[in-house]
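First up is the structure itself, then whatever we jot down about it.
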Amino acid sequence: FINDIGLVVNNYDKSVSVAGFYSRESNNKVTGSFVYSIDATSTLLKSKQFEDLNKNFTSKIISTMLNETGSTLSDLYIRKLIPRSDGGCTIIAEKYYESRQTYTYYANGFPQTASRVTYNYDEIIVISKNAEGKTQFQDFIKKSQSSMNDGGYYSSFVLLNTNDKLSLVYNSDVSAEGDVMISSINPLGQVDTKILIKAMSYYVMLMPQESKQISAGSALICTLKDRRFTLLKLTY
């Protein structure tokens, strides 16, 4: 059963990569990942690979989560597929789920029922595949974002591809004044996380959905700075 699927064109290798997650049962549990590589000129299938998630890797992620039970990851959604120069691709996924709560309030002495939706954007999963579709490295970035009745507008992350690394920029806390974080991943799979903007210096909230990479080394991001709409140009 296919849980989620994505497609990316590799202009360097002249191929198309189709990748995603699968499960052995019809549910939102993720058993493993798959990659199909197709020659863009001849449309012939170059390779295909289905591979279960490493149990140690899965257990490591689950041990950091408060809302995950069992031995299998769930609610993983592909946010981006990044083509590699060797014909492989890197899967960038995020754990996302919604929870709905019904509550009762009183208006003019009469009870009224309403509901509120909590949007949860948690860990970022990075799985890099080689040209044969086998996992070269995999890692995750710890993140916990939860907001109510806003569609998750300030949640998720901004992805930047600078050719020599992938960088993910995100709000550490979307419900209060928190730091803006940046996590960078090099081609060897090494992750470096640090504070990009300290909350004590500025109050800045990123709007990840309203962002665009404008060159190999810069991106334009919509933000709230000191409660006012501001454009942020990130260059490095």
Side-chain angles (χ1 to χ4, degrees), residues 4-8 20-21 61 64-67 75-83 90-101 114-127 139-185 191-236:
D4 200 17
I5 192 170
L7 178 148
V8 67
F21 298 111
I61 300 174
T64 68
M65 295 179 173
L66 299 176
N67 59 338
D75 301 314
L76 288 186
Y77 294 92
I78 295 175
R79 298 307 188 199
K80 195 78 172 179
L81 295 180
I82 307 296
T90 300
I91 302 172
I92 310 292
E94 185 177 29
K95 182 176 175 64
Y96 166 75
Y97 64 98
E98 299 177 7
S99 55
R100 186 178 298 271
Q101 180 184 10
S115 63
R116 50 194 171 206
V117 179
T118 302
Y119 300 90
N120 301 279
Y121 292 76
D122 293 338
E123 282 73 12
I124 303 170
I125 312 297
V126 180
I127 304 175
D139 210 333
F140 74 100
I141 297 167
K142 177 65 179 175
K143 178 171 68 68
S144 181
Q145 298 169 325
S146 181
S147 60
M148 190 176 298
N149 293 336
D150 66 347
Y153 195 59
Y154 301 101
S155 299
S156 198
F157 58 91
V158 179
L159 176 64
L160 304 174
N161 181 4
T162 63
N163 293 329
D164 62 338
K165 63 182 176 181
L166 300 176
S167 294
L168 304 101
V169 186
Y170 52 93
N171 298 310
S172 62
D173 191 344
V174 296
S175 60
E177 297 184 8
D179 300 325
V180 175
M181 310 297 295
I182 181 169
S183 296
S184 299
I185 309 166
V191 180
D192 178 37
T193 299
K194 58 185 177 182
I195 297 175
L196 181 65
I197 303 174
K198 288 190 66 67
M200 294 180 63
S201 302
Y202 302 96
Y203 172 72
V204 177
M205 289 280 283
L206 305 183
M207 305 173 188
Q209 302 175 37
E210 310 293 344
S211 64
K212 185 176 182 62
Q213 185 166 350
I214 55 178
S215 70
S218 61
L220 199 61
I221 306 171
C222 294
T223 72
L224 279 182
K225 177 186 176 185
D226 298 326
R227 310 291 181 178
R228 299 181 63 183
F229 178 80
T230 307
L231 283 176
L232 167 67
K233 184 179 181 182
L234 180 62
T235 302
Y236 61 95

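Numbers for residues simply follow the sequence, beginning at 1.
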Review point. Looking only at heavy atoms, which two atoms of Ser147 and Gly152 are closest? And how far apart?
Key: OG-CA, 3.9 Å
Check your understanding: Is the backbone of Gly20 close enough, under 3.5 Å, to the side chain of Asp4 for a donor and an acceptor to pair up by distance?
Key -> no
Exercise for review: Identify the heavy atoms of Ile91 and Leu81 that sit nearest to each other, and give their distance.
Suggested key: CG1-CD2, 3.7 Å
Practice item. Taking Lys80 for its side chain and Leu159 for its backbone only, find out whether a donor-acceptor pair lies under 3.5 Å. Key: no
Review point. If every non-hydrogen atom of Ser115 is compared with every non-hydrogen atom of Arg100, which pair is closest and at what distance?
Key: OG-NH1, 3.5 Å
Review point. Is the shortest heavy-atom distance from the side chain of Val180 to the side chain of Asn171 under 4.5 Å?
Key: yes
Exercise for review: Would you indicate whether the side-chain heavy atoms of Leu224 and Tyr154 approach each other to under 4.5 Å?
Suggested key: yes
Check your understanding: How long is the gap from CG on Asp179 to CD1 on Ile195, to the nearest 0.5 Å?
Key -> 4.0 Å
Check your understanding: Considering only heavy atoms from C-beta outward, does the side chain of Ile125 approach that of Phe21 to under 4.5 Å?
Key -> no
Review point. Between atom CG of Asp150 and atom OG1 of Thr118, what is the distance when rounded to the nearest 0.5 Å?
Key: 9.5 Å
Study note, to complete from the structure: From the list Lys142, Lys95, Arg79, salt bridge (charged side-chain N to carboxylate O under 4.0 Å, His left out) with Glu123 holds only for Lys142
Review point. With no hydrogens and no angle check, is any side-chain donor or acceptor of Ser183 less than 3.5 Å from a backbone partner on Leu168?
Key: no
Check your understanding: Any side-chain heavy atom of Gln209 sitting closer than 4.5 Å to one from Ser156?
Key -> no
Review point. Is the backbone of Glu98 close enough, under 3.5 Å, to the side chain of Asn120 for a donor and an acceptor to pair up by distance?
Key: no
Exercise for review: May I ask you to test the Ile221-Met207 pair for a side-chain heavy-atom distance under 4.5 Å?
Suggested key: no
**Study point:** Taking every non-hydrogen atom, the tightest pair across Gln213 and Asn161
**Key:** NE2-O, 2.7 Å
Exercise for review: Find the distance between CG (Leu234) and OG (Ser218) and round it off to the nearest 0.5 Å.
Suggested key: 8.0 Å
Exercise for review: With rounding to the nearest 0.5 Å, note down the distance linking OG in Ser155 to CG in Asp173.
Suggested key: 9.5 Å
Exercise for review: Of all the heavy-atom pairs spanning Tyr96 and Tyr119, show the shortest one and how long it is.
Suggested key: OH-CD2, 3.5 Å
Check your understanding: When you look at Ser184 and Ser167, which way does the side-chain hydrogen bond (donor to acceptor under 3.5 Å, both in side chains) test go after all the steps?
Key -> CA-CA 4 Å; Ser184 299; Ser167 294; 3.1 Å; yes
Check your understanding: So, for Ser146 and Val174, which heavy atoms are closest and what is the spacing to 0.1 Å?
Key -> O-CG2, 3.4 Å
Review point. So do Ile185 and Asp139 actually touch side chain to side chain, heavy atoms under 4.5 Å?
Key: no
Practice item. Answer whether the closest heavy-atom distance between the side chains of Asp122 and Tyr97 falls below 4.5 Å. Key: yes
Exercise for review: Test side-chain contact (heavy atoms from CB on, under 4.5 Å) on Ile214 and Lys233 and set out the steps.
Suggested key: CA-CA 9 Å; Ile214 55 178; Lys233 184 179 181 182; 4.1 Å; yes
Point to revise | Ser172 OG to Leu196 CG distance, which is reported to the nearest 0.5 Å | key: 11.0 Å
Exercise for review: Quick one: do Tyr170 and Met181 satisfy side-chain contact (heavy atoms from CB on, under 4.5 Å)? Show the steps, please.
Suggested key: CA-CA 5 Å; Tyr170 52 93; Met181 310 297 295; 3.5 Å; yes
**Study point:** Reported CZ-to-CD1 distance for the pair Phe157 and Ile92, which is rounded to 0.5 angstrom
**Key:** 6.5 Å
Point to revise | Test item: Leu160 and Leu166 side chains (from C-beta on) under 4.5 Å apart, heavy atoms | key: no
